[in-house]
Each structure stands twice: as C-alpha cells, then as structure tokens.
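Values below: all heavy atoms of this structure, side chains included; hydrogens, waters and symmetry mates excluded. A, B, ... follow the sequence lines: proteins, then strands. Residue 1 opens every chain.
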Amino acid sequence: MPELPEVETVRKGLIQLVTNKTIEAVDVYWPKIIEQPEVQQFQSDLVGQTIQTVHRRGKYLIFVLDTVEMVSHLRMEGKYDYFPNITPKGKHTHVTFTFTDKSQLHYQDVRKFGRMALIKKGTAAMYKGIKKLGPEPILPDFSLDAFQIRLKRVNKAIKPALLDQTIVTGLGNIYVDEALWRAKIHPETPGSLLNTTESTALHEAIIAVLQEAVEAGGTTIRTYQNALGEAGSFQTSLYVYGQQGTPCVRCGTAIIKTKVAQRGTHLCPHCQIKKGVRV
DNA sequence: AATACTACCTGCGTGC
DNA sequence: TGCACGCAGGTAGTAT
C-alpha cells in the first residue's frame, strides 16, 4: 500500500500498539519475505526482544528492539494488522509476531513483495536498500540547491527519476503524479531540461504534497478492515491520480491517463506540456 | 554511472 | 462461465 505518507501513518499506529511489547514467538509462512538472516535465525533472534520504538526512513519501517533492528518494507501491498488476542492467520498472512501478553501483529501481503530483515542495532542507515536513499522530503534535508544540481545530470524522464528514491525518497506513483501536476511539469520531461522556475516549483510541490498527505493520514485506495494505516483521507485531495476524465481544477481540461516508464500516469494535457520532444 | 527492462506475486476488471 | 490479458500505492537484479 505505501508511499511515504502511508508508511508514516502505519509507523504512528505501530508506536501506539506495539511499543514495549516483548516478542514471545515469530511464525513465518512465506520464507522469501525474510531477506536475512535465515528464517530460523530471524525467529530466534527476535524472541525475547522488546520493541522500543519504530522509526521510518523513506518507505522503510525500522523496528528498534533491544539488540537488533528489524527493517520492513511493505512494497506494493504489505500491511500490518494488530490483534489484542491470539487470532488465526488469514489467507495472506505471511509472518506473525506473538507478544508475551498474547496480543499479535500479523504481516499480510497479497502479492508477497514485502521484505523484512534483521540487522544489528544502529546499522539501519547502512542497510542495502536504505543506504542509497536520497534525502527525506523535508527541509533542511531536501535542499533546493542540491536538488537542482542533481537534476542537471538527469537525462531520463523526470517521473521515473523521482520514483528512483535516490534524488529524494518517499514519492511513489500517486504522489509523483500529484507533484508534477502541481508544478505543471510533464512527466516525460528530461530532468536536465527543467528550468529554475520549474525545478523550484517541483521541489516545493514534493514537500507540500507529501506533508499534506502525512497530515491526512495517507491515501486509502482499497480498504482492508483493521489494517494499520488504512484510515487515510488524502484520496479526496488528489488532483490527477485516478482522476482521468474529470476536469483539471486549474484549466478545466480533462485529466488523461497514459503510461510513462511502464507506470500508469495521470496528467493535465493542457497544464503539463512536454519539453525536449518534437511534436 | 546512468538507463531500461524484467522478475517477483495475486486478484480483479474487461472483453471475447 | 471460462479464459486471456492488462493492471495494481515498489524495488532489485541484470544487461547495455
């Protein structure tokens, strides 16, 4: 389910529900979810550890325990579900954590793309997926200067460039379309062709859309009862994502859906004109 | 180094 | 009803 705002919402929910809980058992039903160490080691390393807090970096959740940290990425459809009592696993439950008070955290993921890894405490920043992330989309981490300098070296389309997580982390398919619409930039524009006005507007739009979405608790597309972070309301504030056929609120032109770098892409064909390509 | 494509999975809607 | 196909909030691996 998640881009940054949804992951942040999940993190807040987890903090409320599992802080100070001690793990009594870990059950794994789809071993590929566990990246490292081996499943048995993963389970035994976690048993007896208490969750101190949950951090987030980009779209990664980082559970901080006594001597280890558990990095968790939800990818497309991963979800955490909390149960106050021991509860039978669902069809798509792949990992369960049972706490000493008999409450449980279930990891559910229809497409099984999500991943978990155990690392030594304090080493999350060095973890494979995390170490290559760009800055968090907030100031001062995400500096306009560095963003503009970096964009000059980007020859590919701005949309996949932003989805890459190395220029700035946290955008996914929804918020990248929203940010580009706000900044009036066509998603296929090569990064190097953005002028100062455009890159400044884009920088501002990225920060704003993600912050607003965090405040709204994220965007809920499909609802699964009980899952943490599924109560977001930002879907009512989307200007292009899923809005194909409806009028652009700025100019009235119908929003279209197309494909850019293999991803469904929404834009206003009047406000967002492609540069660098002969028409 | 940067870029482009594919794999990883399941379920759902669409069209024949 | 069955079936093929495209599509879905993401990233990692591989090849060029």
Which residues pass the ring pair (Phe, Tyr, Trp, His ring centres under 6.0 Å) test with [X], not counting sequence neighbours?
| X | answer |
| --- | --- |
| H266(A) | Y241(A) |
| Y29(A) | none |
| Y80(A) | F63(A), Y107(A) |

Taking any heavy-atom pair under 4.0 Å as a contact, classify [X]: base, sugar-phosphate, or nothing.
| X | value |
| --- | --- |
| R115(A) | nothing |
| G129(A) | sugar-phosphate |
| Y60(A) | sugar-phosphate |

Side chains of Q49(A) and T67(A): does their closest heavy-atom pair fall under 4.5 Å? yes
Report yes if some heavy atom in the side chain of R57(A) is under 4.5 Å from a heavy atom in the side chain of T169(A); otherwise report no. yes
Could you tell me the separation between the CG atom of D109(A) and the C1' atom of dA8(C), rounded to a whole number of Å? 13 Å
According to ring pair (Phe, Tyr, Trp, His ring centres under 6.0 Å), does anything in residues 34-60 of chain A pair up with another residue at least two apart or in another chain? List the pairs. Y60(A)-H73(A)
Proximity to DNA chain B (any heavy atom under 4.0 Å), residues of residues 155-173 of chain A only: N155(A), K156(A)
Where along residues 241-249 of chain A does a heavy atom fall under 4.0 Å from DNA chain B? none
Below 4.0 Å: OP1/OP2 of dG10(C) and any side-chain N or O of R111(A): no
Are any of K59(A)'s side-chain N or O atoms less than 4.0 Å away from OP1 or OP2 of dG10(C)? yes
Strand DNA chain C in bracket notation, Watson-Crick/G-U under 3.5 Å with | for pairs to another chain: .|||||||.|||||||
Between R150(A) and Q262(A), which is nearer to the 5' end of DNA chain B once each is assigned its nearest nucleotide? R150(A)
N/O contacts under 3.5 Å, protein versus nucleotides 13-16 of chain C?
none

Where does the chain A footprint on DNA chain B start and end, counting 5' to 3' with a 4.0 Å heavy-atom cut-off? dA2(B) to dG11(B)
Students should find that the hydrophobic cluster of Y239(A), defined by side-chain heavy atoms under 4.5 Å apart, otherwise consists of W181(A), V240(A), V249(A), I255(A)
Checking one residue: L4(A). Which other hydrophobic residues are in its cluster under the side-chain 4.5 Å linking rule? V214(A)
Using modelled atom types and a 3.5 Å cut-off, is there a donor and acceptor pairing between side-chain atoms of T87(A) and backbone atoms of N85(A)? yes
Tabulate protein N/O versus nucleotide N/O from nucleotides 5-7 of chain C, keeping only pairs under 3.5 Å, one per line.
| unit_1 | atom_1 | unit_2 | atom_2 | d |
| --- | --- | --- | --- | --- |
| dC7(C) | OP2 | K259(A) | NZ | 3.0 |

